[in-house]
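Position 1 is the first residue of the sequence; numbering continues from there. All values derive from a computational prediction rather than experimental measurement.
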Amino acid sequence: MEMKIIIAIDGHSSCGKSTMAKQLAKQIGYVYVDTGAMYRAVTLYAMRNGMFPDEGIREEELKKAVNNGDIHINFKFNPCTGRPDTYLNNEKVEDEIRQMAVSNRVSLIAALPFVRALLTEQQQAMGKEKGIVMDGRDIGTAVFPQAELKIFVTASAKVRAQRRYDELMGKAKTEEEKAKLNFDEILKNVEERDYLDSHRETSPLKQAKDAVVLDNSEMTIEEQNAWLLERFQEKLNK
Ligand code: DC
C-alpha cells in the first residue's frame with residue numbers, strides 16, 4: 001500500500017505558505033487544510049456577534065458559544081478555483097475572512113487557549129487518515145508533533161507585506177477599495193502579527209526542532225514548489 005504522511009507547514013504570516021501548501025497537496029493528491037482560515041472564521045463569528053468592544057474581546061461570551069457548539073467550521077472543495085472554501089455555520093465566508101478587519105483582530109482570538117483547544121482537536125481529527133498538508137503556526141509543534149515532514153517558512157516582513165498588498169489589490173473590485181489599501185498599514189499589521197504570534201503563551205509560533213527551514217524571500221512560486229516536492233520525495237524514499 002502506498003505510504004501516506006502528514007506534512008506540517010508552519011511559518012510567519014503572508015509568506016506564501018498557503019499557496020505552496022495548496023499546490024503541493026494538489027500535486028501529490030493530499031487533502032489541504034488552511035488552519036489560519038479556521039482562526040479567521042472564529043474571529044468573524046466573534047465580530048458578527050458584537051464580541052469586540054473598543055478594546056479587547058468578550059472572552060466569556062465567546063467561551064459560551066464554543067461550549068454550546070455554536071461555531072461550526074468546515075471546508076468544501078470549490079471546483080471553479082480548485083481550492084477549498086471556508087464555511088462558517090454553513091455559510092461560505094472565504095472572502096470575508098481575508099479582509100483587514102479580520103486580520104487586525106485574529107491574533108486576539110488565536111491567543112485564547114479554549115479556541116486553540118477546539119481547533120487543534122478538529123485539526124487532529126482531519127489528519128487521522130494522514131495524506132494531509134496542513135499549514136499554520138503550530139502544526140509541527142502542537143497539532144502534529146509526530147508529522148513526518150515539517151517545513152518552517154519565512155521571508156522578510158517587507159517582502160511579505162508587499163505580497164499581501166498585491167493580493168488585496170488583485171481582489172479589490174472598485175477604485176475606492178484600491179485607494180484604501182495602504183502599504184505601511186499592511187506592513188505594520190504583518191509586524192504586529194509576527195510579534196503577537198511569537199509571544200503568546202499558548203502554542204506560540206516557533207520552529208520545531210526537526211523542521212526544515214525555507215526562506216523564500218528571493219524565490220519564485222515555481223522554485224518553492226519544486227523545492228517542496230523534493231523534500232516530499234526525499235521523505236518517501238527514506
Ligand atoms: O495564516 P493566516 O494569516 O491566515 O493566519 C491568521 C492568524 O491565525 C494568524 O495571526 C495566526 C493565527 N494562527 C494560529 O495562531 N495558529 C494556526 N495554526 C494558524 C493561524
Side-chain angles (χ1 to χ4, degrees), residues 1-40 74-86 94 98 120 122-164 166-167 170-171 190 194 197 205-238:
M1 208 176 81
E2 190 199 346
M3 185 178 86
K4 289 208 165 182
I5 65 170
I6 293 179
I7 304 176
I9 303 192
D10 290 304
H12 291 107
S13 64
S14 306
C15 57
K17 284 190 308 293
S18 53
T19 309
M20 71 171 90
K22 247 176 248 165
Q23 178 69 22
L24 176 69
K26 199 169 160 193
Q27 273 175 311
I28 64 179
Y30 275 27
V31 172
Y32 164 67
V33 177
D34 173 358
T35 63
M38 298 171 78
Y39 287 94
R40 286 171 179 273
N74 62 310
F75 296 101
K76 280 186 209 159
F77 187 77
N78 179 336
C80 295
T81 58
R83 294 165 184 184
D85 285 333
T86 311
E94 186 56 37
R98 309 288 165 194
T120 300
Q122 292 181 358
Q123 291 153 11
Q124 287 169 340
M126 291 172 182
K128 257 203 179 132
E129 312 283 318
K130 298 205 174 188
I132 197 162
V133 181
M134 195 171 273
D135 91 56
R137 303 293 188 287
D138 60 341
I139 311 306
T141 52
V143 181
F144 295 120
Q146 78 285 20
E148 288 86 354
L149 178 59
K150 299 180 185 176
I151 312 282
F152 190 84
V153 197
T154 185
S156 74
K158 272 212 171 123
V159 166
R160 288 183 284 129
Q162 188 64 51
R163 288 178 185 159
R164 173 81 28 130
D166 293 343
E167 184 191 339
K171 279 188 186 158
V190 164
D194 280 359
D197 288 349
L205 168 66
K206 74 171 192 272
Q207 192 188 318
K209 281 201 187 78
D210 49 349
V212 194
V213 178
L214 168 65
D215 182 333
N216 66 11
S217 305
E218 308 287 335
M219 279 169 112
T220 63
I221 289 183
E222 290 73 26
E223 285 167 342
Q224 284 183 68
N225 287 342
W227 184 93
L228 261 186
L229 206 53
E230 270 173 41
R231 299 289 85 70
F232 171 69
Q233 273 149 1
E234 261 170 27
K235 273 289 160 197
L236 285 196
N237 295 335
K238 249 192 192 164

Minimum side-chain heavy-atom gap M20-N216 below 4.5 Å: yes

Look at the side chain of T35 and the backbone N and O of D135, then say whether any donor-acceptor pair between them is shorter than 3.5 Å. yes

Heavy-atom donor-acceptor pair, Q124 side chain to V143 backbone, under 3.5 Å: yes

Return the minimal non-hydrogen interatomic distance between C15 and R163, and the atom names on each side. O-NH1, 3.5 Å

For I221, is the CD1 atom crowded, meaning more than 12 foreign heavy atoms sit under 6.0 Å from it? no

With side chain to side chain contact (heavy atoms under 4.5 Å, CB included) as the test, would you mind laying out the steps for K26 and N225 before giving the verdict? CA-CA 11 Å; K26 199 169 160 193; N225 287 342; over 6 Å; no

Closest non-hydrogen atoms of S13 and R137, given as atom of the first, atom of the second and distance, are CB-NH2, 3.2 Å

Main chain of G140, side chain of K150: is a donor-acceptor contact present, judged purely on distance under 3.5 Å? yes

Closest heavy-atom contact between D215 and A155? OD1-CA, 3.8 Å

Starting at CZ of F144, measure out to CE of M134 and round the result to the nearest 0.5 Å. 4.5 Å

Donor-acceptor pair, distance only, cut-off 3.5 Å: does the side chain of K17 make one with the backbone of D10? no

If the threshold is 4.0 Å, N to carboxylate O, is there a salt bridge linking K130 and E148? yes

S217 vs K158 side-chain heavy atoms within contact, under 4.5 Å: no

So for atom CD, which belongs to Q146, do other residues, nucleotides or ligands contribute more than 12 heavy atoms lying within a distance under 6.0 Å? yes

Residue pair F232 / V133, side-chain heavy-atom distance below 4.5 Å: no

How long is the span from the CD1 atom in I139 to the OG1 atom in T120, to the nearest 0.5 Å? 7.5 Å

Between R40 and T86, is any pair of side-chain heavy atoms under 4.5 Å apart? no

Could you go through the side chain to side chain contact (heavy atoms under 4.5 Å, CB included) check for I6 and Y30 one step at a time? CA-CA 9 Å; I6 293 179; Y30 275 27; over 6 Å; no

Backbone of E94 reached by a side-chain donor or acceptor of D85 within 3.5 Å: no

Side chain to side chain, K76 and N78, heavy atoms closer than 4.5 Å: no

Between D194 and R160, is there a salt bridge with N-O shorter than 4.0 Å? yes

Given side chain to side chain contact (heavy atoms under 4.5 Å, CB included), test H12 with L205 step by step and report yes or no. CA-CA 8 Å; H12 291 107; L205 168 66; 3.6 Å; yes

F75 side, atom CZ; M126 side, atom CE - distance, nearest 0.5 Å: 5.5 Å

Side-chain touch I7/L228, heavy atoms, less than 4.5 angstrom: no

Identify the heavy atoms of M38 and Q123 that sit nearest to each other, and give their distance. SD-NE2, 3.6 Å

Separation between CD1 (I151) and CD (Q224), nearest 0.5 Å, reads 11.0 Å

How long is the straight-line distance from CG of L149 back to CD of Q233, given to the nearest 0.5 Å? 11.5 Å

Does any N or O in the side chain of Y32 come within less than 3.5 Å of the main-chain N or O of Q23, such that one atom is a donor and the other an acceptor? no

Just wondering, do L214 and F152 contact through their side chains at under 4.5 Å, heavy atoms? no

